[in-house]
Amino acid sequence: MPFFTEAEPPRGVPLDVLPGIRRIVACNPSVMTYQGTNTYLIEGAEGLSVLDPGPDDAQHVQDILAGAGAPIRRILLTHTHRDHFGAVAALRAATGAPVAAYRHSARPGFTPDMPLGDGDNVAGLTAIFTPGHAADHLCFALRDGGRKILFSGDHVMSWSSSIVSPPDGDMLAYYRSLERLLDRDDELYLSGHGPALPEPQTLVRELLAHRQRREATILRQLEQQDWSVAALAERLYAKADPYLKVAAQRNVLAHLLKLVAEGRAVELEPATELPADAPQIPAPPGEVQRESGSAVTMMQRDALRRFGLSK
Ligand SMILES: [Zn+2]
């Protein structure tokens, strides 16, 4: 896959990306978040917008306030995963700026001040509803002075493929949201993690092809035998890192549920009570909606779910 890498960027200061666009990379690096979450400062005719405030980190909020250089007029959110959403409350409290996000939030208890739907405009940016990685994911398109830029959030990232973790993540929606980007003519993506992505369609096409190959492999495996999510993920991914192991299971489950929705696979038995000797798994950092004990238990249960080919 034609991914990009970057050296650890300077922390705590805005880095120039393009005229009128800077980013501050939050100090939350991990196997799931790369060098950290990109918080973008976007200047426009309607003042300064902050896109994705980042994780719940007081220092990061201070860095945004210190680096802004102008009043922050609004806060934009690509999605409500905690590595993007965590700093919203503190930044909103410090600035009084309204929060613009997808109108049906996937985060319980959060309602955006400026609810956005597909195609809505906010401060010169157009919201593009792109569910898949997250149920409430928006990309934001910027068209000015001949530039064709897409803030692609975690839907398409320059450094890695995205995790699709049900039920917030939905593989069928992810496919459609990738296809949707192929119909557009954006020339540069600025993503939620990692450096800027030029010629983005090349990677979008490759991401889609990668998932289609993975899906074909899963179907071939199901032709041989029935599989539990955990066993199939082990067979296909063989990740040693415990977080990546769980991420692989989430992606495999997402593929299987897509096949079930399409009538090509069936779930063999309903998820049962967790056996007492079920292996302990850690919650992946950053990218999972809730890292509470119940979410981890849900992921353990999901790992034991079994699927077979539709007869
Ligand atoms: Zn993220």
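Whatever order the structure lists ligands and atoms in, that order sets their numbers, starting from 1. We use all heavy atoms of the structure for the numbers below, so side chains are in, but hydrogens, waters and symmetry mates are not. Since the model is a prediction, treat every value here as computed from it, not as a measurement.
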- request: Apply the side-chain contact (heavy atoms from CB on, under 4.5 Å) test between E215 and each candidate in R264, R220, M171; give the one that qualifies.
  value: R264
- line: Shortest non-hydrogen pair, P112 vs Y102, comes out as CG-O, 3.6 Å
message: Quick check for you: with the Zn ion (ligand 1) as the vertex, what angle do OD2 of D154 and NE2 of H84 span, to 10°?
response: 90°
message: Please determine whether H193 has a backbone or side-chain N, O or S atom lying under 2.8 Å from the Zn ion (ligand 1).
response: yes
- prompt: What about F85 and H79, are their ring centers closer than 6.0 Å?
  reply: no
task: State yes or no: are the ring centers of H193 and H84 separated by less than 6.0 Å?
output: yes
- line: To the Zn ion (ligand 1), the closest N, O or S atom belonging to D83 is OD2
